[in-house]
Amino acid sequence: MTVPRFWREQQSRYNLVGSHCKTCGNYYYPIRNLCPECRRDGDMEQYKFKGTGKIVTCTVTHTTSDEFNDLVPYALAIVELDEGAKLTTQIVDEPEKVAIGKRVHSVFRKLGSDGDSGIIYYGTKFELDKE
Amino acid sequence: MTVGIVSYGAYIPRYRIKTEEIAKVWGGDAEILKNGLKVFEKSVPDVDEDAATIAVSAARNAVNRVGLDTQRIGAVYTGSESHPYAVKPTSTIVAEAVGASPDMTAADFEFACKAGSAAVQVCMGLVGSGMIDLGLAIGADVSQGAPNDALEYTAAAGGAAYVIGNKESELIAIIEDTYSFTTDTPDFWRRESQHYPSHGGRFTGDPGYFRHVTSGAKGLLKKMGTKPEDYDYAVFHQPNGKFPERAAQMLGFTKEQIKPGLVVPRLGNTYSGSCLMGIAATLDIAKPGDRIFATAYGSGAGSDAFSIRVTDKIEEFRGKVPTVEELLADPIYLDYGKYAHHKGKINFG
């Protein structure tokens with residue numbers, strides 16, 4: 001990923017900023033300029049999600065690209081935020097504990113880096129709520 | 001002008017390694033090491049955690065405790081000796097991640113284990129002079145100890161963040177005064193591009209830690225005209241469990257006074273987070289009116305002493321974010337191989 005592209009998406013990645021359509025009430029992540037439901041009638045505003053939600057589906061990754069080799073095995077999930085938007089994210093807990101329906105909350109972690117001398121990408125991952 | 005703590009927050013990674021596990025790899029006697037260091041296990045960062053993520057996590061706990069309007073923060077200072085970049089501030093990452101930027105100033109601090117308390121002092125000056133409304137001071141580290149070095153048994157990961165303000169009505173604790181004692185004492189250092197720090201062995205004790213901690217503490221007691229018995233609790237920088245106990249004894253503080261803040265036996269030394277973590281653990285249980293005496297120490301060398309008085313306001317913000325005890329609970333233990341992986345100690349050449 002290029003540095004400018006990451007920088008442009010920083011608010012979404014750091015602080016879970018997405019969009020809310022004031023016309024239909026739908027929430028979107030990441031930021032959208034146009035509501036896909038309301039089209040030209042949509043009235044979009046930026047919205048910072050609370051960072052809480054539940055796992056809709058999940059998988060465990062054992063084989064991946066070099067960039068993520070340090071993390072395997074790791075759990076990936078589609079999380080439905082409490083406001084309704086869905087996103088794909090890593091769940092930082094032990095993979096065997098990750099399951100559909102479990103409650104999660106956002107945490108701030110390293111997402112990757114451009115080698116040893118490049119930029120470090122930070123952003124949001126999710127963690128299981130304590131039971 | 002009255003200055004003090006508007007809020008505080010801590011963060012400790014979930015992973016731990018026991019002293020026995022490290023000793024097993026290097027042929028050390030775990031019982032001797034545990035008795036000598038009084039450290040039984042230490043925290044280890046996850047693979048995707050570093051000083052910046054820990055600083056952000058602690059800072060978010062601080063702002064969430066009181067539901068702070070983060071646009072009021074006029075300065076963010078992060079103290080660490082493991083900033084992820086040699087050139088590029090950790091504090092800008094923190095500021096962006098807590099929603100404090102852009103109308104503010106920021107910088108990174110480094111002074112071995114007392115960079116976080118130095119950040120608190122700078123924020124005290126800025127809010128005390130009225131230059132800013134609130135300051136965010138953080139101490140966070142993923143500290144390094146070379147394999148088979150004495151430091152490997154204690155170098156841990158964690159951090160604590162403090163929001164410093166000047167409006168008496170919103171302070172959960174007043175910082176009554178501060179005093180520092182600083183000399184050029186080379187007891188611990190890390191040169192540019194080196195992975196691990198070096199230290200002067202036993203030299204780090206008397207000329208380093210004990211001289212500076214006791215001088216800083218005595219200086220503040222003298223400046224304020226207070227005595228150890230005037231305080232309910234005391235916190236001293238905790239590179240291991242033995243040093244703060246001895247420093248407390250030398251100064252006339254009791255074991256009971258330092259007990260709530262002495263988290264190092266189950267946490268290890270979180271370097272820039274060490275003393276600030278002890279203060280956080282003490283604030284977690286302190287009652288309105290309690291007085292806390294704290295002295296941070298940083299190799300190189302210097303100490304920052306603080307006299308803190310807890311206000312009634314603290315009771316309003318209990319249970320909003322995890323306490324230090326809650327962060328220490330329910331750890332995941334690693335074997336040495338996993339620990340080496342988490343710490344990036346394996347070099348593939």
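By convention in this document, chain letters (A, B, ...) are assigned in the order of the sequence lines, proteins followed by strands, and residues within each chain are numbered from 1. Note: hydrogens, waters and symmetry copies are ignored here, and every other heavy atom, side chains too, is used.
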* Side chain from CB out, backbone as N, CA, C, O: work out which of these in A:Y122 comes under 4.5 Å of a heavy atom of chain B, or both, or neither. => side chain

* Asked: Using non-hydrogen atoms only, which part of B:A329 is less than 4.5 Å away from chain A: side chain, backbone, both, or neither?
  -> backbone

* Structure fact -> Tested for side chain to side chain contact (heavy atoms under 4.5 Å, CB included) against B:Y162, the lone hit among B:V6, B:I279, B:I138 is B:I279

* Structure fact -> With chain A, the option among B:A97, B:A52, B:A86 that has the most non-hydrogen atom pairs under 4.5 Å is B:A97

* To do: Starting from the C-alpha separation in whole Å, work towards a yes-or-no answer on side chain to side chain donor-acceptor pair (under 3.5 Å) for A:T23 and A:D43.
  => CA-CA 6 Å; A:T23 304; A:D43 184 5; 5.4 Å; no

* Which atoms of B:I332 approach chain A - backbone, side chain, both or neither, heavy atom under 4.5 Å -> side chain

* Do other residues, nucleotides or ligands put more than 12 heavy atoms under 6.0 Å from the NZ atom of B:K320? -> no

* For a side chain to side chain contact (heavy atoms under 4.5 Å, CB included) with A:T52, tell me which candidate from A:V79, A:V104, A:D82, A:L81 qualifies. => A:D82

* Asked: Is NZ or CZ of B:K24 both nearer than 6.0 Å to the six-membered ring centre of B:Y336 and within 45° of the ring axis?
  -> no

* Segment of A:K130 engaging chain B (4.5 angstrom heavy-atom cut-off) -> side chain

